[in-house]
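A, B, ... follow the sequence lines: proteins, then strands. Residue 1 opens every chain. Note that the coordinates shown come from a computational prediction; the quantities given were computed from them, not determined experimentally. All values below come from the heavy atoms of this structure, side chains included, with hydrogens, waters and symmetry mates left out.
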2 protein chains.
Amino acid sequence: MYSLGLDFGTNSVRAVILDLENGVETAEAVSNYPSGVEGIILDEKNPHLARQNPLDYHTSMEDVIKCVLKKAKKDKKFSPEKIIGIGVDTTGSTPLPVDEKLVPLTFYKKFRNNKNAMAYLWKDHTGADEAEQITEVAKRDRPQYLSKIGGVYSSEWFFSKLLHLIRTDKDVFDAMASFVEICDYIPAILSGKRSPSEVVRSICAAGHKAMYNQEWGGLPDEDFLCKVDKRLKGIKAKLYNKAYPAGEVAGYLCADWAERTGLPEGIPVSVGAFDAHMGAVGAGVSAGVLVKVIGTSTCDMTVAPMEKEIKDIPGICGIVPHSIIPGYMGIEAGQSAVGDIFNWFVKKFAIPDIKDPHRYYASLAEKMKPGETGLIALDWHNGNRNILVDQKLTGLVVGFTLNTRPEEVYRALIEATGFGARIIIERIEEYGVEIKEIVATGGIPDKNPLLMQIYADITGRHLKVASSSQTCAVGAAIFGAVAAGKDKGGFENVEEAQKKICRFKKINYRPNRKNKEIYDKLYLIYKDLHNIFGTKETSKNLYYVMKKLLEIRGKV
Amino acid sequence: MYSLGLDFGTNSVRAVILDLENGVETAEAVSNYPSGVEGIILDEKNPHLARQNPLDYHTSMEDVIKCVLKKAKKDKKFSPEKIIGIGVDTTGSTPLPVDEKLVPLTFYKKFRNNKNAMAYLWKDHTGADEAEQITEVAKRDRPQYLSKIGGVYSSEWFFSKLLHLIRTDKDVFDAMASFVEICDYIPAILSGKRSPSEVVRSICAAGHKAMYNQEWGGLPDEDFLCKVDKRLKGIKAKLYNKAYPAGEVAGYLCADWAERTGLPEGIPVSVGAFDAHMGAVGAGVSAGVLVKVIGTSTCDMTVAPMEKEIKDIPGICGIVPHSIIPGYMGIEAGQSAVGDIFNWFVKKFAIPDIKDPHRYYASLAEKMKPGETGLIALDWHNGNRNILVDQKLTGLVVGFTLNTRPEEVYRALIEATGFGARIIIERIEEYGVEIKEIVATGGIPDKNPLLMQIYADITGRHLKVASSSQTCAVGAAIFGAVAAGKDKGGFENVEEAQKKICRFKKINYRPNRKNKEIYDKLYLIYKDLHNIFGTKETSKNLYYVMKKLLEIRGKV
């Protein structure tokens, strides 16, 4: 039996057909969104605007499913009838306004070119003022609403975008019957839903981006919303009361989409979730295992058994029941810049005629021992998302001498992100959630073994690398198979599926004891700098820092 | 009338013939030392060793005097008989062992190639252990010995070198009748002295490098020296009891040197001093005026009337009566790296195919306003010589974002050295010595107007630039004319001479009020970083630093 995973990214949709007997990815395909600049609708006058044309989701989805089926058919074992379920992950928060028939407003002539009627891509920041206001009111009147999502409501999130829409385009708002995350919209479309009220909403999107929690009965209360803006009065009638975990059935594939694609009609479509979360499942997240998606920034995810009654973990950006694996508390954290810092460094400060500056500097940096650079850095070049949750923090490097070389700075920057990773792990463990090992995925693990070893040495943990390069689509396919259920050849639950499906590369990284010992010392310095520059709490002076670095350097 | 100034540098000796009526430099000449690598005898096995061949001083001096006279004769107004005095400045501490006839030991076959019998160049660091021991014993038993020289006895100084010689080469020590600074040796040779006891020692060298002070009766006491090393017992008999300020007569030109060079026999030769100090005089140092020699590092010098009774100024590296101008307290400070930091940055981090990277980055950096970089740096890449006197301090840059550009770092590094300059000025003023304006000299002022304006804005002071490029030799010539005295066509004193001689370039730098206001805010941050990283005293946290930098950047 097989399952289909659909991964709606920023620029394209990817599809994977997963062989449920052995976890093999029988076929994969990609279809780029046709509109805008690589799928993104921009605005010359407003650099914060980033929208998507909802029609792209339909055309690219049809295209990618046809394509992946065609490829899979080359395997004689495969036939489309053997597909038992569909899973969907998407970017988020990426909501779009729909009418009472669940039709995107841009499908109508009146709104076709109106950017305010399009999908508000996750990285659209037009709702910055709205986010600030929501944060302000919540901090004052409903601190609990922020306690699960890192203490600050972001301009990238659902209500910031909704409120911004209301304020900027009354026509669109009046025509709109609901505002639907695309991770909810896609499964609804595939299963032929004809009204917003039929849409099964994702607890992942709701909990992480819309302040949804069963503790306070779902979405934020009307009183609160009206305090933010009177125009939000009555908005809840247009939204939803309950959200569901991925793996539950959102609907069954409708005749229309079965016919258009060649998929079997009536197979279950799982409730959707965000790409990072399904990616974590595809990479092998479980209790005690942290999945770390390492790219330009990182997304760190783990789960904890619900019995543990995880309370808020200060500064951890998302703690949502069932958001990653049903039955578990989903915990999401992240570093706001990792690869971005190394890219910045080589772009601005590296010798320009080197073909692969990352490889060049890594090759020099890997000859050094921990502490040898005499440098220590704070990795806050793009603020700090965890655990300080403060955009107004910046990067620091200390320990320069007249002999400091670029490759030493490069190594210090990698180490800084490693220390940042350890800060997150320690904070999560402090609140009773153990992290025994790390599964790395994303763009960096394959490209930068030096970083991987440094992370193992700094965190003192075994680092594996997920073998699939399509962990999100694989995760989505897993949820498709869970939605199908064991009887149909799928799985009882996510854990069972992961055991069969998730694989790791041969290369893996174990901490070196000696390196770990030096990094333990350097980490104390990092933590002091972290606390003294990043919190108001410390009253310690840092007189010892430069001397200690020189002392450690002198010993290696 | 004319005066001859001789400036014995690290690689060469320079000569200037100064027209005392108008301050014009009638002629100048240079003669490179023939031995070693650009005049320096090195040792492959010991990177700390830097010696000079004493014969070089003789041959290069003869050469340069002949040459400068030949050039001066092109001026019909000039004739050698019109030279009324000679002044000499040299590097230091650069002592050499001599026998009882004042002959350098290397002039004898037995010691010709023995590096231990050569002159110990200022930057010879072979006496590092000895310096540490001297510091240790002095801190414990004679804190006053260190109180005028910055609190730490350096490996570059007289007694470190002497003790190192005693410990490493008994033959040389046994053959040695005295250890003579070359600023004392050269005037003695010119005036035909035949014994170490006839040498008139410089109070500048003695006070700054040999712990000499009339407060405790001259050189350190024997009891102290024996505590450092028993082998120093009786050493004082080989040294001296009294030292004299430059401008007094060290002797009169002997027949031998008059004949060899064509100078008039019997003209007075001034007591010598170090190059920086005579350079300060040549640049126009006076009460209220700080001369700042800005090059790879800086040397900052000013004077205060003796009546002021300047006590120790903590962290200021030299406070010696008469060391710069007779009758004034000489105050010397300095920054351990300035141009070296900018050179390090462009060498390691700048685009390599730019012809003049300093000019390139300065041209970009000068378009920015103070605070615009969002960066602040500590200029301790080579430790801190003032006012913290701590080699184990290192550089820091804070405020990096993913948009930080190299030219912003370049500007922040310049600003850091400007803040470092202000720290020194404020410390000196705190102890009652006013600094009204600054005269800059050295390699950087002509090359980097951006730095000059930044220094004016940060210090809030008018910066002039000394017009001579040979301020050391001009200063030496001034002392030659003071030694000659007013009756012979010279000067009554240094102040009178400076009024006639010292000139400034047309270009000068006045503080911009608006820039000053922003720099005042940034300086508070610099000072906090300075104190929190450089002293044990503060207990303040630095939480505000990154935010404040962003706030200031947001306003400019």
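- Taking CZ from B/R405 and CZ from A/F349, the interatomic distance works out to 10.0 Å, rounded to the nearest 0.5 Å.
- Summarising the geometry, atom CD1 belonging to A/I376 is positioned 11.0 Å from atom OG1 belonging to B/T394; distances are rounded to the nearest 0.5 Å.
- More than 12 heavy atoms of other shown residues, nucleotides or ligands fall within 6.0 angstrom of atom CD in B/E430.
- Residue contact with chain A, scored on non-hydrogen atoms closer than 4.5 Å, involves the backbone and the side chain of B/V397 alike.
- Minimum interatomic distance between B/F533 and A/V398 (heavy atoms only, all atoms of both residues): CE2-CG2, 4.3 Å.
- With a 4.5 Å cut-off on non-hydrogen atoms, B/D390 touches chain A through its side chain but not through its backbone.
- The candidate with the highest count of non-hydrogen atom pairs below 4.5 Å against chain A, out of B/A377, B/A337, B/P406, B/G383, is B/P406.
- Between A/N403 atom CG and B/N382 atom CG the span is 9.0 Å, to the nearest 0.5 Å.
- Atoms CG and CG, from B/L542 and A/L542 in turn, are 6.5 Å apart once rounded to the nearest 0.5 Å.
- Contact tally against chain B (heavy-atom pairs below 4.5 Å) for A/T401, A/L375, A/L402: the top residue is A/L402.
- Your options are A/K348, A/K392, A/K536, and the one with the most heavy-atom pairs under 4.5 Å with chain B is A/K536.
- Contact count versus chain B (heavy atoms, under 4.5 Å) is highest, among A/V409, A/T404, A/L393, A/L378, for A/T404.
- By number of non-hydrogen pairs under 4.5 angstrom with chain B, the leading residue of A/V545, A/D340, A/T535 is A/T535.
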